[in-house]
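Down below is the structure, laid out as structure tokens.
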Amino acid sequence: MVKICCIGAGYVGGPTMAVMALKCPEIEVTVVDISEPRINAWNSDRLPIYEPGLEDVVKQCRGKNLFFSTDVEKHVFESDIVFVSVNTPTKTQGLGAGKAADLTYWESAARMIADVSKSSKIVVEKSTVPVRTAEAIEKILTHNSKGIEFQILSNPEFLAEGTAIKDLYNPDRVLIGGRDTAAGQKAIKALRDVYAHWVPVEQIICTNLWSAELSKLAANAFLAQRISSVNAMSALCEATGADVTQVAHAVGTDTRIGPKFLNASVGFGGSCFQKDILNLIYICECNGLPEAANYWKQVIKVNDYQKIRFANRVVSSMFNTVSGKKIAILGFAFKKDTGDTRETPAIDVCNRLVADKAKLSIYDPQVLEEQIRRDLSMARFDWDHPVPLQQIKAEGISEQVNVVSDAYEATKDAHGLCVLTEWDEFKSLDFKKIFDNMQKPAFVFDGRNVVDAVKLREIGFIVYSIGKPLDSWLKDMPAVA
Ligand code: NAI
């Protein structure tokens, strides 16, 4: 029986391996992690991450051919194929701080694989890594190999949180990069055979190692660039009276462009886009390509502009002061159907409003209070590191922030409400009831364009929707970014 071990039981390792175990019943899959609470949660009824459909997959295979364990060394030792899916956050200190990927976790995983292995293995990079990481890992493994053969493959993951299971069942493509040697090609074939259990072979793309690594960074940069492009348009739409939804529809029906990733919003978030673009920028700079680096920098700058523009709009609309005013925040996760808050635009918007002395009442269907408080107290780029290593800001935010368990409580007596995540439940709220319980004038700032602005205006709200023609009230109070 082929044995697979995956190091890292996170948003990628957990769901990816669960689907692999389901689709390959004759393969034994063990997901290992140094975090005991995380492994305990994977072995419990309350999984550590929320992902539609995940629980069902885990329940079908856990204990049969899918296992979760903290005994990292034992399972690496026993396996034929080792996936490495550990976190690769942005460096916070030293050379390349704020841009380069921190490969501390990756390197320690590689050293451990070299230490414990007594048989040849295929080591698969699942984490998103800078180009040529495989080469560095290969060096660590071969210098410590004691005669054992390691083949390194790059197999970046393209799943999106919120639709991970669907994406894993039906990936647009699976990408496998490997060495152009007989042993490298044999390793590629072994991994391709695993995926071929459920992915049509023509959708399994095989490349060299560097192309696979760079393709992952490139794909995320292109996706984020579309969002920043439409968000830049949204600012122009507000200034001119055009409607960004109409513009995006007209643009997206061009088959050369396509309709996806053209929703204007308060900005992109998630653990990957910013981190991977920063990484790309750093690689461009290291290769003496400042113009290429600057091009990608703009994608992040527009995203920061969009978050600040939104927060400024809130303040300027409410007579240029939110001091002491209650503002409801509906949604904190970086997008719907996930409890993940890494790089969520809500962090920047909330911090900006807190700095202006607002009192926030936050509700998200999936994010726990502890997580929200930690996110609002944390230093930039620290959220991707293990909890004990995170730096918490000295000054407390506790008095200005309240986390509640439903949208009606959050909005009671509030002056304004901000929709920061596109959760479906926000579309069907009883906005008449909400309006009746809010201070007047009552403001809605829709950072995801999910509410029915026409209906809300009929109720009496002053509504701001990203990239839409402005209410006359808002026109008189321009937001300065
Ligand atoms: P995560 O932070 O949820 O999970 C990583 C896990 O690795 C943590 O549980 C951590 O305890 C564990 N870990 C770290 N060092 C370890 C070691 N030496 N031994 C054992 N366990 C160790 O991260 P996530 O989101 O799963 O991302 C993993 C990688 O996949 C990153 O490189 C990310 O860029 C990439 N990726 C993430 C996607 C996402 O949607 N989250 C999508 C595609 C790629």
Side-chain angles (χ1 to χ4, degrees), residues 5-18 30-42 47-51 54 68-76 82-90 101-116 123-130 133 137 140 154-165 167-168 171 174-175 212-213 215-217 219-221 223-224 268-280 333-335 337-344 371 381-390:
C5 172
C6 174
I7 306 176
Y11 286 87
V12 169
T16 313
M17 291 301 125
T30 307
V31 191
V32 296
D33 203 294
I34 41 176
S35 164
E36 207 174 320
R38 215 163 202 186
I39 289 298
N40 289 344
W42 279 110
L47 302 183
I49 61 176
Y50 172 70
E51 194 58 58
L54 174 64
F68 296 92
S69 167
T70 49
D71 199 344
V72 181
E73 299 190 354
K74 171 178 181 278
H75 292 286
V76 168
V82 182
F83 284 82
V84 184
S85 184
V86 300
N87 28 344
T88 50
T90 305
D102 185 342
L103 293 179
T104 313
Y105 308 106
W106 225 118
E107 187 178 333
S108 80
R111 287 185 186 279
M112 183 271 301
I113 296 171
D115 279 352
V116 304
V123 177
V124 186
E125 280 180 348
K126 203 34 140 176
S127 304
T128 306
V129 289
T133 299
I137 300 304
I140 293 173
S154 165
N155 172 218
E157 184 49 60
F158 293 100
L159 66 80
E161 284 173 34
T163 53
I165 299 302
D167 298 344
L168 288 164
V174 166
L175 181 56
E213 289 178 339
S215 300
K216 173 63 192 177
L217 295 183
N220 273 354
L223 289 170
F268 60 73
S271 68
C272 296
F273 282 179
Q274 172 156 307
K275 162 173 87 72
D276 294 350
I277 296 174
L278 287 170
N279 208 333
L280 194 60
F334 84 92
K335 65 173 176 178
D337 293 338
T338 178
D340 195 355
T341 59
R342 291 176 290 182
E343 299 277 5
T344 175
Q371 184 65 47
F381 299 127
D382 260 0
W383 35 75
D384 230 357
H385 290 270
V387 173
L389 298 181
Q390 291 169 359

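Counting convention: from 1, in listed order, for ligands and their atoms alike.
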Give yes or no for whether the N/O distance cutoff of 3.5 Å, strictly under, is met between [X] and ligand 1.
X      : value
Arg38  : yes
Tyr11  : yes
Thr128 : yes
Ala9   : no
Lys126 : no
Glu161 : yes

### Lys126: partners by side-chain hydrogen bond (donor to acceptor under 3.5 Å, both in side chains), with sequence neighbours left out
Asn155, Glu157, Tyr195

With a 4.5 Å heavy-atom cut-off, do [X] and [Y] have their side chains touching?
X      : Y      : answer
Phe334 : Ser271 : no
Ile137 : Val84  : no
Ile49  : Trp42  : yes
Pro156 : Thr128 : no
Lys216 : Leu175 : no
Asn220 : Ile277 : no

Atoms of ligand 1 less than 4.0 Å from [X] heavy atoms?
X      : result
Arg342 : 1 (P), 2 (O), 3 (O), 23 (O), 25 (O), 41 (N)
Lys275 : 32 (O), 33 (C), 34 (O)
Ser108 : 18 (N)
Gly10  : 1 (P), 3 (O), 4 (O), 26 (O)
Ser271 : 41 (N)
Lys216 : 43 (C)
Ser85  : 5 (C), 28 (C)
Thr88  : 31 (C), 32 (O), 34 (O)

### Task
Give a yes-or-no answer on whether the side chains of Ser69 and Asp71 include a donor-acceptor pair shorter than 3.5 Å.
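Per modelled atom types, Ser69 and Asp71 side chains form no pair under 3.5 Å.
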
Candidate with minimal heavy-atom separation from [atom], of [options]:
atom                    : options                      : answer
atom 19 (N) of ligand 1 : Ile7, Ile113, Thr104         : Ile7
atom 30 (O) of ligand 1 : Val12, Leu159, Asn87         : Val12
atom 16 (C) of ligand 1 : Thr338, Val31, Val86, Val129 : Val86

### Task
Could you tell me whether ligand 1 has any atom less than 4.0 Å away from a heavy atom of Met112?
no

### Task
Tell me, please, which residues at least two apart from Tyr11 pass ring pair (Phe, Tyr, Trp, His ring centres under 6.0 Å).
none

### Query
Can you name the nearest heavy-atom pair linking Pro48 to Arg38, along with the distance?
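Reported closest heavy-atom pair: CG-O, 3.9 Å.
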
### Message
For Ala164, which part has a heavy atom under 4.0 Å from ligand 1: side chain, backbone, both, or neither?
### Response
neither

### Query
Between Lys275 (side chain) and Glu343 (backbone), is there a donor-acceptor pair under 3.5 Å?
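No, the answer is negative, given that no donor and acceptor are paired below the 3.5 Å cut-off.
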
### Task
Indicate yes or no for a side-chain donor-acceptor contact from Asp33 to the backbone of Ser35 under 3.5 Å, with no hydrogens or angles considered.
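Between the backbone of Ser35 and the side chain of Asp33 there is a qualifying donor-acceptor contact (under 3.5 Å).
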
